[in-house]
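Contents: one structure, followed by commentary.
Naming convention: chains lettered A, B, ... in sequence-line order (proteins, then strands); numbering from 1 in each chain.
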Amino acid sequence: MELNRVTFAYKEKSHTLHEVTASIEQGKITTIIGPNGSGKSTLLGVLSRHCLPQSGEAVLDGKAIPAYKPRELARKLAVVHQQNEAPSDITVEKLVTFGRLPHRKMWTPGGEEDDAAIEWALELTGLSGRRKQRLTEMSGGERQRVWIAMALAQRTPILFLDEPTTFLDMFYQYELLELIRRLNVEHGLTIVMVLHDLNQAIRYSDRLLVMKEGKLLLQGPPEFVVTEHTMKEIYGIEVAIRSDERTGMYMVPIGVK
Amino acid sequence: MRKTISFAVILLLLLGVTFWSMTTGSIKVGFIELIDGLLNGNNEEAAVVRDLRLPRIMVSMLSGAALAVSGALLQAVMRNPLADAGVIGISSGAGFVSVLMVTIFPAMFFWMPIFSIAGGVLAFLLVYSLSWKSGLNPMRTLLVGVAINATFTGLGQSFNYRGSYAVTSVNQAISSIFTMKTWTDVQVLGLYGSIGLLLSLLVIPWCNMLSLQDKTAGSLGLNVARARIVISIIAVLLASVATAVGGLILFVGLLIPHISRLLIGSDHKALIPFSALAGALLILSADTIGRTVLAPTEIPASIIMTVIGGPFLVFMLRKGGREFGA
């Protein structure tokens with residue numbers, strides 16, 4: 001995927017993108033980071049057709065994103081949104097079945113391929129045994145896995161996740177990130193996600209895109225992007241960056257000077 | 001299982017109330033006598049029932065079904081469990097515009113359903129655009145709808161004080177009394193109503209997708225804006241035609257889908273057909289009770305519905321206070 005000088009503005013001035021040029025590499029985990037209101041989610045929105053840029057273009061497989069029909073794009077790219085709502089009586093299996101809609105005619109019942117995709121998604125997210133359970137009876141982390149399972153059932157080569165770990169307990173955060181890594185390594189999915197936690201971004205990403213005030217400041221591997229100098233530039237904080245064999249590279253904020 | 005039982009029970013009830021309604025009232029006829037009279041045409045009482053009571057029964061059922069399904073669709077589109085064509089002014093908009101047009105052009109009486117739909121669309125557009133503030137807040141929508149409803153109801157009622165001949169002939173669109181319904185009414189409502197009900201079945205998958213958030217539905221490949229417009233048009237069509245023929249009845253679209261959801265769940269595949277049956281049952285029962293309890297005086301079904309519906313709305317507001325942003 002490519003982004004060429006993409007500019008986007010809502011009516012309110014706050015979340016804007018300004019001439020963002022970037023590329024998403026196939027088969028990699030790319031994470032978008034940056035302060036609140038820097039345009040992270042908007043960037044994800046432009047890439048997934050939720051926001052149509054005023055100028056510039058986002059291109060997927062040689063075709064501009066807005067030129068895709070919604071269903072066509074939904075077969076290439078699945079999105080897990082930050083906050084989700086569903087009817088209170090819906091079960092895991094029913095919700096995951098929604099993921100097959102881009103592949104199905106409106107009124108035809110699901111075929112073998114649909115069943116296989118649903119099984120695969122449930123299996124990967126560890127929900128096979130809980131398919132009849134209602135979402136309202138599950139914890140936040142489990143519910144997030146159901147939404148991921150729905151996106152996986154779309155069987156797309158690309159998966160987007162908007163702040164998937166926000167609102168989750170530590171255990172579920174890492175459980176989710178491990179799942180995402182597995183999807184990438186074992187199943188070859190191209191992952192693009194927005195993360196808040198920098199150490200998680202460093203640990204689980206191949207590449208980082210750094211947004212600030214609607215502009216793309218930096219892009220590259222974590223070792224290149226996260227330095228004492230850039231952290232000051234981006235977040236205005238003093239950090240120490242360390243690395244050891246067990247943890248890999250990590251960052252500790254020290255102060256705001 | 002629960003679904004099957006609910007469907008079976010509602011069908012039996014509907015059948016039972018229909019038989020009861022056919023045989024009771026100012027003329028009482030036995031069921032077998034009635035069927036015999038209807039088939040062979042040798043019974044005067046049966047003829048009266050055929051000309052006066054049967055159309056009334058059909059109109060009650062069709063209006064009830066149309067209004068209930070219209071409510072279910074509106075709730076899906078607005079993501080608002082409180083949306084009801086009557087409460088948010090679609091019905092009164094439909095009623096007012098049709099009364100206005102027929103008063104100005106009395107010869108165009110048979111175009112009334114079309115004028116009604118135009119009025120319904122007008123009211124819906126007003127509610128939708130006036131309550132849109134980067135999204136639809138259920139409570140704001142309801143308040144705007146109540147204001148629009150009051151305006152159109154007032155405008156409609158102002159015709160009552162003109163004291164001309166037109167009033168008596170078009171009054172039905174405002175006050176809703178099912179007496180004097182003819183087979184012509186049944187034809188009009190049957191035609192437009194069936195089209196609306198059939199279309200509502202076609203958009204069931206869209207309604208289900210809209211029950212997730214817009215952005216999720218979009219990610220699943222739904223053209224959200226188009227789905228919204230199509231579903232809204234069907235909902236407005238149903239409510240407007242029901243109003244044009246059956247008159248202004250509030251709360252059916254609020255009460256029925258809510259109870260239906262409790263019984264058979266929120267999947268529109270079951271919800272929409274069930275709402276249609278339950279709506280038909282409710283209005284037919286209300287009308288039949290209304291014309292028998294204090295006979296020979298009649299209580300219009302719309303008044304019975306207002307009396308039941310008001311407290312029900314209060315109940316829903318109390319219960320769902322948090323999620324409706326109150």
**OP:** Using a cut-off of 6.0 Å, state whether more than 12 heavy atoms not belonging to A:Glu113 lie near its atom CD.
**Re:** no
**OP:** Please report the shortest heavy-atom distance between B:Leu220 and A:Ala74, naming the atom on each side.
**Re:** C-CB, 3.7 Å
Original post:
Does atom CG of A:Asp169 have more than 12 heavy-atom neighbours, drawn from other residues, nucleotides or ligands, at distances under 6.0 Å?
Top reply: no
Subject >> More than 12 heavy atoms of other groups within 6.0 Å of A:Glu119 CD >> reply: yes
Subject >> Engaged part of A:Leu95 at the chain B interface, taking heavy atoms whose separation is under 4.5 Å >> reply: side chain
Original post:
Quick check: are there more than 12 heavy atoms from other residues, nucleotides or ligands sitting under 6.0 Å from CD of A:Glu137?
Top reply: yes
**OP:** Locate the shortest heavy-atom distance separating B:Gln213 from A:Asn84; write the atom from each residue and the value.
**Re:** OE1-CA, 3.3 Å
Original post:
Between CG of B:Leu212 and CZ of A:Phe98, what distance do you get to the nearest 0.5 Å?
Top reply: 5.0 Å
Original post:
Taking side chain as C-beta onward, heavy atoms only, is B:Arg261 less than 4.5 Å from A:Asp89?
Top reply: no
Original post:
Can you find a heavy atom in the side chain of B:Leu222 that is under 4.5 Å from one in the side chain of A:Leu101?
Top reply: no
**OP:** Give, as side chain, backbone, both or neither, the part of A:Lys69 having an atom under 4.5 angstrom from any heavy atom of chain B.
**Re:** neither
Subject >> Winner by heavy-atom pair count (cut-off under 4.5 Å) against chain B, out of A:Lys94, A:His50, A:Arg75 >> reply: A:His50
Original post:
Measuring from B:Asp267:CG to A:Thr91:OG1, what's the distance to the nearest 0.5 Å?
Top reply: 9.5 Å
Original post:
What distance separates B:Ser211 OG from A:Glu85 CD, expressed to the nearest 0.5 Å?
Top reply: 10.0 Å
**OP:** Report the distance from atom NZ of B:Lys215 to atom CD of A:Gln82, rounding to the nearest 0.5 Å.
**Re:** 7.0 Å
**OP:** Between chain A and each of B:Gly221, B:Ala217, B:Gly218, count heavy-atom pairs under 4.5 Å; write down the option with the most.
**Re:** B:Gly221
**OP:** Under 4.5 Å heavy-atom distance to chain B, tell me which part of A:Ala86 shows up: side chain, backbone, both or neither.
**Re:** both
